[in-house]
Amino acid sequence: MGLDIYLEADKRLSLVQLAEAVTAVGADELDRQEASLEAGFPSGLFLRARHERDDPAIRAEEASSLMFSVVTRGYLRIGRHSPEGADPLGDIKNLVEQLAARSDAHFVVSFQYESLLYYRDHEGLHTV
């Protein structure tokens, strides 16, 4: 069984910026379409993101103080078997830092929508 981590971002995060961020973190597989993106990392981490126009609500339970409409949704799956010495959680941390450096978008990153890991608001990037 893998672990699912979710990204929810406002309209200021473009898929181009997301693609640049995953490339900077070291994704070795990247497939970008007009409204979606998939990326694989050597650590076994997998990302799938898409534009979501029909459901703008933030799904992360601990994000009640954040107020923005979600336009980009993504999930990061940490596979059951990561290669020896791989650090998929480190890749997620680096990805979040890259997103914060490349975009002024507000976003949340949560573990299975239940626990916030990171969020970005008007004050900057926060680790929970």
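Below, all heavy atoms of this structure are taken into account, side chains as well, without hydrogens, waters or symmetry copies. Just so you know, these numbers come straight off a predicted model, no measurement behind them.
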Using atom types as modelled and distance alone, determine if a side-chain donor or acceptor of S103 lies under 3.5 Å from a backbone N or O of R12. yes
Determine, using the 4.5 Å side-chain heavy-atom cutoff (strictly less than), whether F107 and V16 are members of one ILVMFWY cluster. no
Hydrophobic cluster membership, with links at side-chain heavy-atom distances under 4.5 Å among I/L/V/M/F/W/Y: are F46 and F111 in one? no
N/O donor to acceptor pairs below 3.5 angstrom from side-chain atoms of residues 24-34, sequence neighbours left out:
unit_1	atom_1	unit_2	atom_2	d
D31	OD1	Q33	NE2	2.7

Only counting residues at least two apart or in another chain, list the ones meeting side-chain hydrogen bond (donor to acceptor under 3.5 Å, both in side chains) with T127. none
Which one of L3, L47, V22 satisfies the side-chain contact (heavy atoms from CB on, under 4.5 Å) criterion with L76? L47
Students should find that the hydrophobic cluster of V70, defined by side-chain heavy atoms under 4.5 Å apart, otherwise consists of I58, L66, F68, V108, L116, Y119, V128
Sorted by chain and number, sequence neighbours left out, side-chain contact (heavy atoms from CB on, under 4.5 Å) with E123 holds for D121, H126
Identify the two heavy atoms, one from A60 and one from E8, that lie closest to each other, and give their separation to 0.1 Å. N-OE1, 3.2 Å
With sequence neighbours excluded, what pairs up with K11 under the side-chain contact (heavy atoms from CB on, under 4.5 Å) test? V71
Can you list everything that forms a side-chain contact (heavy atoms from CB on, under 4.5 Å) with Y6? Sequence neighbours excluded, please. D4, Y75, S110, Y113
Between L13 and T72, what is the shortest heavy-atom contact and its length? O-OG1, 3.4 Å
So which pairs with a foot in residues 21-42 pass ring pair (Phe, Tyr, Trp, His ring centres under 6.0 Å), sequence neighbours left out? none
Any pair counted as salt bridge (charged side-chain N to carboxylate O under 4.0 Å, His left out), so long as it reaches residues 51-66, sequence neighbours left out: R50-E52, D55-R59, D55-R73
With rounding to the nearest 0.5 Å, note down the distance linking CG in L15 to OG in S36. 7.5 Å
Enumerate the residue pairs fulfilling salt bridge (charged side-chain N to carboxylate O under 4.0 Å, His left out) with a member in residues 13-22, sequence neighbours excluded, ordered by first and then second residue. E20-R102
Tell me which pairs pass salt bridge (charged side-chain N to carboxylate O under 4.0 Å, His left out) where either residue lies in residues 39-48, with sequence neighbours left out. E38-R48
Distance-only donor-acceptor hits, side chain of residues 88-95, under 3.5 Å, sequence neighbours excluded:
unit_1	atom_1	unit_2	atom_2	d
D91	OD2	S43	OG	2.6
K93	NZ	E97	OE2	3.0
N94	ND2	G90	O	3.3

How many angstroms lie between atom CG of L37 and atom CD of Q17, to the nearest 0.5 angstrom? 12.0 Å
